[in-house]
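Just below is one structure, and these are the notes that go with it.
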Amino acid sequence: MFTEEVMKNVFPLLEGEDLAACMGVSKQWRHIAKDDFYWKCQCAKKWPSVCKRTKPPTGTYYKMFQTFSKRRLNRTLPPPRLSFENLEFFVDIWSEDEPVYSGLIPGLAMETGIKPLPSGISNVLRTHLAKPDYKMVVPAEPRFTIPLNQTVSVSMLVGRNDSDKVARIINRSVFEYIDRSSFRALAFEYLDLSPYYPFVSGIRAWVSLLFMDAEDINDGVLDVFGIQLDFCDVAETKEEVLWLLDMLDWK
């Protein structure tokens, strides 16, 4: 059994992770290892300038090391300030300059998705829609078709029912990529975020047209049954999506 004198000589030589592990051995070890002198030694290795103060800015060196020695990953988000109940989405789709779809979609409908999925869609698309990453999918009502030889574009705004504010998600972005293997046409645009987030940029909103697995594709026509919105670059959960929408440049 190590004597207290031996531990007091060894603890300053340990790395922070090992010193923290010693605190779990016994009450005696924890009592000795929690002495702030040992944690000052750890902080001196990482931030020597901090030790020039009479007291560390966090009150104790132990707290400072525990708080800042490692980057915290997968932090839990606080509850979002927005909810789908208070949102509505304005979606407009054009083929060339002719409108083919115009919908005012309640936020709860975006959250609910398409249930059940219609028969006649590909297994690849079914698998995509069943993946756990968060996506907002609504049925295209009424259904519409688009010709492959025309330029198709989309605009999407989002409004808040609890205020008179509106934000832009996508503005006349073209569906430049058609993935025939997964039966989706995709368009994207970089989000306009609030000036309160000047160092956040490069986040894309993706809108997908979901079309049926039908012979019409070979005839150059897509039979669209659903519309999908996602922010797959950064947001994979409902809470993350709502926080991202909250960061938009609301007017």
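Only heavy atoms go into these numbers, but all of them, side chains included; no hydrogens, no water, no symmetry mates.
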- Are any of the side-chain heavy atoms of V154 and D92 separated by less than 4.5 Å? no

Return yes if some donor-acceptor pair links the side-chain N/O of N9 with the main-chain N/O of E5 below 3.5 Å, else return no.
yes

Using side-chain heavy atoms (C-beta onward) and a distance below 4.5 Å, is R184 in contact with L209? no

Regarding R168 and D249, does a basic nitrogen lie under 4.0 Å from an acidic carboxylate oxygen?
no

Q. How about S173 and F188: do any of their side-chain heavy atoms sit closer than 4.5 Å?
A. no

CG (L222) and CD1 (I178) are apart, to the nearest 0.5 Å, by 5.0 Å

(request) Take F11 and W29, measure what side-chain contact (heavy atoms from CB on, under 4.5 Å) needs, and give me the verdict at the end. (result) CA-CA 10 Å; F11 283 176; W29 282 45; 4.1 Å; yes

* To do: Kindly say whether G16 contributes a backbone atom to a donor-acceptor pair with the side chain of Q42 at under 3.5 angstrom?
  => yes

The reported gap from CG in L19 to NZ in K34 (rounded to nearest 0.5 angstrom) is 12.0 Å

With L210 as partner, the option from V224, L129, I121 fulfilling side chain to side chain contact (heavy atoms under 4.5 Å, CB included) is L129

(request) Kindly say whether the aromatic ring centers of W39 and Y62 come within a distance under 6.0 Å. (result) yes

* Asked: Below 4.0 angstrom, N of the basic side chain to O of the carboxylate: do K238 and E111 qualify?
  -> yes

- Salt bridge between D97 and R172, side-chain N to carboxylate O under 4.0 Å? yes

E88 side-chain N/O to N161 backbone N/O, donor-acceptor pair under 3.5 Å: no

If we only count heavy atoms from C-beta on, is the I93 to I227 side-chain gap below 4.5 Å? yes

Rounded to the nearest 0.5 Å, the CZ atom of R143 sits from the CZ atom of F211 at a distance of 13.0 Å

Under 4.0 Å between a side-chain nitrogen and a carboxylate oxygen: does that hold for D133 and K131?
no

